[in-house]
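Have a look at the structure below, then the notes.
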Amino acid sequence: GMNLFARSLGGILSDVLFVKIGFRGRIWAQFLSLFFEAIFLFGFGLVDNTQPWGVALAVLIFFSLFVQMSEGTSYGIVPFMNKQQLA
């Protein structure tokens with residue numbers, strides 16, 4: 001469920017920004033997804049035993065959402081890769 005929903009959301013964000021500002025929009029979509037992934041991972045690390053378990057669960061769900069969105073944004077970037085420049 002989460003995989004299909006969040007990957008699609010990342011792809012949609014990538015496509016919308018591509019229409020608005022070109023290929024740079026796809027890069028921004030991936031950057032934003034990765035940035036918020038890092039923010040929620042950091043937030044998850046700040047959760048301690050004094051907080052209810054629901055806080056940890058909510059932060060982890062949002063972290064997972066952005067992980068999957070980041071994967072979805074990469075599908076919009078890969079077709080533009082130049083084969084000669086890949087390792």
Side-chain angles (χ1 to χ4, degrees):
M2 172 71 94
N3 276 349
L4 296 175
F5 165 73
R7 280 188 193 167
S8 298
L9 196 58
I12 291 167
L13 176 64
S14 180
D15 290 344
V16 167
L17 290 179
F18 179 72
V19 168
K20 290 188 181 291
I21 57 176
F23 184 71
R24 225 170 237 224
R26 293 197 190 275
I27 301 300
W28 271 106
Q30 187 162 52
F31 169 77
L32 291 171
S33 297
L34 289 169
F35 179 77
F36 283 108
E37 177 183 335
I39 294 295
F40 282 105
L41 181 60
F42 183 75
F44 185 68
L46 295 176
V47 176
D48 60 14
N49 288 336
T50 62
Q51 297 165 324
W53 64 269
V55 172
L57 181 63
V59 173
L60 195 60
I61 287 172
F62 280 103
F63 167 70
S64 176
L65 174 79
F66 284 105
V67 167
Q68 300 300 324
M69 280 181 66
S70 297
E71 292 176 9
T73 61
S74 68
Y75 291 127
I77 295 171
V78 169
F80 291 95
M81 295 294 105
N82 186 348
K83 291 180 184 177
Q84 289 79 23
Q85 294 178 345
L86 297 176

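Because the structure is predicted, anything quoted here is derived from the model rather than measured.
Within a 6.0 Å radius of CG in Asp48, other residues, nucleotides and ligands contribute more than 12 heavy atoms. No more than 12 heavy atoms of other residues, nucleotides or ligands lie within 6.0 Å of CZ in Phe42, so this atom counts as exposed by the packing criterion. Few gaps surround CZ on Phe18; more than 12 heavy atoms of other groups in view lie less than 6.0 Å from it.
Cluster membership check: Leu13 does not share its hydrophobic cluster with Val19, using side-chain heavy-atom separations under 4.5 Å among Ile, Leu, Val, Met, Phe, Trp and Tyr. When hydrophobic clusters are built by joining Ile, Leu, Val, Met, Phe, Trp and Tyr residues whose side-chain heavy atoms come closer than 4.5 Å, directly or via intermediates, Leu41 is grouped together with Phe36. Under the 4.5 Å side-chain heavy-atom criterion for Ile, Leu, Val, Met, Phe, Trp and Tyr, Phe35 and Ile61 are members of the same hydrophobic cluster. No chain of hydrophobic side-chain contacts below 4.5 Å, direct or via other Ile, Leu, Val, Met, Phe, Trp or Tyr residues, connects Phe23 to Val78. One hydrophobic cluster, built from ILVMFWY side chains closer than 4.5 Å, holds both Leu60 and Leu9.
Looking at heavy atoms from C-beta onward, Gln30 lies out of side-chain contact with Ser14 at the 4.5 angstrom threshold. Contact annotation: the side chain of Phe44 never approaches that of Phe63 to less than 4.5 Å [non-hydrogen atoms, C-beta and beyond].
Put simply, OH on Tyr75 and OG on Ser8 are 10.0 Å apart, with the number rounded to the nearest 0.5 Å. To the nearest 0.5 Å, the span separating CZ on Phe31 from CG on Leu17 amounts to 13.0 Å. Remark: Leu57 CG to Ser64 OG distance equals 10.5 Å, nearest 0.5 Å. Here the CG-CD distance, from Leu46 to Gln51, works out to 8.5 Å after rounding to the nearest 0.5 Å. Note: Ile27 CD1 to Ile77 CD1 = 4.0 Å, rounded to the nearest 0.5 Å. Summarising the geometry, atom CD1 belonging to Ile39 is positioned 14.0 Å from atom CZ belonging to Phe62; distances are rounded to the nearest 0.5 Å.
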Decide side chain to side chain contact (heavy atoms under 4.5 Å, CB included) for Met69 and Leu32; before the verdict, give the C-alpha distance in whole Å, the side-chain angles of both, and the deciding distance to 0.1 Å. CA-CA 10 Å; Met69 280 181 66; Leu32 291 171; over 6 Å; no

Check step by step if side chain to side chain contact (heavy atoms under 4.5 Å, CB included) holds for Phe40 and Leu65. CA-CA 10 Å; Phe40 282 105; Leu65 174 79; over 6 Å; no

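Sorted by first and then second residue, the salt bridge (Lys or Arg N to Asp or Glu O under 4.0 Å) pairs with a member in residues 60-72 read Arg7-Glu71; sequence neighbours excluded. Each salt bridge (Lys or Arg N to Asp or Glu O under 4.0 Å) pair with one or both residues in residues 38-47, not counting sequence neighbours, would appear here, but there are none.
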